[in-house]
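Read through the structure below, which is laid out as structure tokens, and then see the notes.
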2 protein chains.
Amino acid sequence: MTSRKAILDSALTLFCARGYDAVGVQEIVEAAGVTKPSLYHFFGSKNGLLETLISERFVDLSRMLERDGEYHGDLTLTLQKLIRGYFHFALENRLYYRLQLSLWFAPPESEAYHAVSAINQKQQAILEKVFLDAVVDHGNMRGRHKLYAVTFLGMINTYIMAALNGHVELSDQLVYQILHQFMYGIFS
Amino acid sequence: MTSRKAILDSALTLFCARGYDAVGVQEIVEAAGVTKPSLYHFFGSKNGLLETLISERFVDLSRMLERDGEYHGDLTLTLQKLIRGYFHFALENRLYYRLQLSLWFAPPESEAYHAVSAINQKQQAILEKVFLDAVVDHGNMRGRHKLYAVTFLGMINTYIMAALNGHVELSDQLVYQILHQFMYGIFS
DNA sequence: CAGGCAGTATACCGAGCGGTATACTGGTTG
DNA sequence: CAACCAGTATACCGCTCGGTATACTGCCTG
């Protein structure tokens with residue numbers, strides 16, 4: 001394993017367990033079996049490390065969103081694919097998704113916030129586009145695409161966190177439950 | 001205003017904006033117009049300050065939960081009261097609720113987590129009891145009270161965060177929407 | 001073989017951290 | 001008035017923080 005990857009892995013584990021601010025650079029490099037200059041060689045700063053960590057892992061999620069988030073006239077189908085995509089990604093990247101969730105509502109002036117705001121905005125933008133595109137077939141949704149995007153992601157994240165904490169399993173049945181629950185919220 | 005309250009207010013504002021770990025004790029006391037020994041006189045430690053801050057404001061929310069969370073055979077009514085109670089509390093304590101949300105999924109070994117885990121467990125326990133009590137009238141809910149409690153709170157928090165960010169208004173209409181959306185998720 | 005460069009280690013830096021020892025104040029109680 | 005105590009200020013502590021200057025290694029390229 002390269003030093004670079006060892007640093008990223010250690011950082012993910014430690015940030016996930018104790019939070020970005022509470023973990024020191026020294027601790028990260030020790031866990032990775034390297035020394036500080038290596039970290040600064042690859043990432044420039046502690047914050048650069050966090051940003052790299054977040055954005056590098058996000059590309060897979062982003063790819064899924066681009067692929068499953070295309071609207072072709074069947075909103076139910078698109079949302080179903082998205083829920084399934086999120087579930088799959090969260091299970092394949094448990095630690096990373098935990099970190100992302102712990103930073104979901106990060107304080108707006110924290111360093112950590114700057115690292116996640118970019119990916120949050122990208123998720124939000126893709127989801128908004130889905131609901132915006134769907135307006136042509138569902139006129140009653142007009143003007144609420146932002147709210148829909150926020151609450152759709154909120155609902156998914158709620159269930160994913162419940163799953164990561166062992167309260168529920170991310171099954172196919174749960175996909176449909178969330179889907180219908182959300183759709184009911186829209187059309188009621 | 002007493003020094004004690006000035007410290008609590010400054011800490012709330014600063015923790016909310018930049019996070020617990022990123023804010024120094026010196027900064028808090030300067031913003032409050034006092035000096036460090038006063039802070040340590042009242043709260044013992046930085047962590048004690050956070051715990052006091054969290055638990056002292058939580059009593060109002062807790063009182064609401066005890067009052068509105070009693071189940072008397074009408075689950076819809078109880079949940080409706082709870083949603084309304086949460087909305088009201090969040091609007092009356094915007095900064096505090098923001099802080100609580102930023103710590104919602106705090107890393108499990110962080111100091112901040114220890115400060116919020118107690119109140120999270122209390123909320124969870126009260127909500128679980130509601131769904132557990134309701135089982136006698138809704139047999140199909142049996143065995144899922146933990147999941148219901150987690151997702152009910154998750155849904156409420158999602159909408160509250162959307163409201164705090166200006167995406168939606170916490171109106172009566174939204175209370176009913178969440179209520180029906182959640183109930184639909186249960187009975188579908 | 002010479003030059004350069006990516007990567008790494010040792011040792012160090014100033015700054016800020018959480019926390020405290022000490023002494024002073026002013027009001028309350030005997 | 002004496003004793004006390006909650007509250008506050010000054011000045012300080014050891015430690016860890018994020019970050020770096022310097023020098024060394026070994027590989028790739030000329």
Side-chain angles (χ1 to χ4, degrees), chain A residues 1-56 99 102-103 106-107 109-117, chain B residues 1-56 99 102-103 106-107 109-117:
Chain A
M1 180 154 56
T2 73
S3 299
R4 193 189 131 94
K5 179 142 179 34
I7 294 171
L8 284 170
D9 284 356
S10 299
L12 176 57
T13 306
L14 288 167
F15 289 164
C16 212
R18 306 220 315 281
Y20 173 77
D21 288 298
V23 175
V25 172
Q26 187 67 45
E27 199 175 355
I28 297 171
V29 296
E30 273 172 18
V34 299
T35 53
K36 279 207 267 185
S38 294
L39 187 151
Y40 284 92
H41 171 76
F42 289 116
F43 308 105
S45 69
K46 186 189 178 189
N47 208 24
L49 168 59
L50 178 63
E51 277 171 20
T52 305
L53 180 56
I54 295 281
S55 60
E56 224 167 72
L99 178 62
S102 77
L103 300 176
E109 289 168 39
S110 62
E111 290 188 9
Y113 177 80
H114 286 112
V116 289
S117 68
Chain B
M1 178 153 60
T2 73
S3 299
R4 193 189 132 94
K5 180 144 177 31
I7 294 171
L8 285 170
D9 283 357
S10 299
L12 176 57
T13 305
L14 288 167
F15 289 165
C16 213
R18 306 220 315 280
Y20 172 77
D21 289 298
V23 175
V25 172
Q26 187 66 45
E27 200 175 354
I28 296 171
V29 296
E30 273 172 17
V34 300
T35 53
K36 279 206 267 186
S38 294
L39 188 151
Y40 284 92
H41 172 75
F42 289 115
F43 308 105
S45 69
K46 187 189 176 188
N47 208 23
L49 167 60
L50 178 64
E51 277 172 18
T52 305
L53 180 56
I54 295 282
S55 60
E56 223 166 73
L99 178 63
S102 77
L103 300 177
E109 290 168 39
S110 62
E111 290 187 10
Y113 177 80
H114 286 112
V116 289
S117 68

What is the distance from [atom1] of [X] to [atom2] of [N], rounded to the nearest Å?
X	N	atom1	atom2	answer
A:Arg4	C:dA6	CZ	P	15 Å
B:Glu27	C:dG16	CD	P	11 Å
B:Ile7	D:dA6	CD1	P	16 Å
B:Phe42	D:dC5	CZ	C1'	13 Å
B:Tyr40	D:dT10	OH	C1'	16 Å
B:Phe43	C:dT20	CZ	P	16 Å
B:Leu39	D:dA6	CG	C1'	16 Å
A:Lys36	C:dC12	NZ	C1'	10 Å

Inset, instruction - Report which part of the nucleic acid B:Val29 touches: base, sugar-phosphate, or nothing (heavy-atom distance under 4.0 Å, all strands). - result: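 If one applies the 4.0 Å heavy-atom cut-off, B:Val29 turns out to touch nothing in the nucleic acid.
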Give a yes/no on whether any side-chain N or O of [X] is located under 4.0 angstrom from OP1 or OP2 of [N].
X	N	result
A:Ser38	C:dG7	no
A:Ser45	D:dG18	no
A:Lys46	D:dG18	yes

Legend entry - Geometric cation-pi criterion, A:Lys46 with A:Tyr20: 6.0 Å, 45°: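 Judged by the rule, A:Lys46 and A:Tyr20 form a cation-pi pair.
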Minimum heavy-atom separation for [X] and [Y], please, with both atom names.
X	Y	value
A:Leu14	A:Ala31	CD1-CB, 4.3 Å
A:Ile54	A:Ala115	CG2-O, 3.8 Å
A:Cys16	A:Leu99	SG-N, 3.8 Å

Inset, instruction - May I ask you to decide whether B:Glu56 forms a salt bridge with B:Arg4, counting only side-chain N to carboxylate O separations under 4.0 Å? - result: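 Here B:Glu56 pairs with B:Arg4 in a salt bridge, since their nearest N and O are under 4.0 Å apart.
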Between [options], which nucleotide gets closest to the side-chain atoms of [X]?
X	options	result
B:Gln26	D:dT8, C:dT10, C:dC17	C:dC17
A:Val25	C:dT8, D:dG18, C:dT20	D:dG18
A:Val34	C:dA9, D:dA9, D:dG18	C:dA9
B:Thr35	D:dA21, D:dT10, C:dG18	D:dT10
A:His41	D:dA9, C:dG19, C:dG7	C:dG7

Legend entry - Closest-nucleotide 5' rank along DNA chain D - winner of A:Gly24 and A:Pro37: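 Its nearest nucleotide lies further toward 5', so the answer is A:Gly24.
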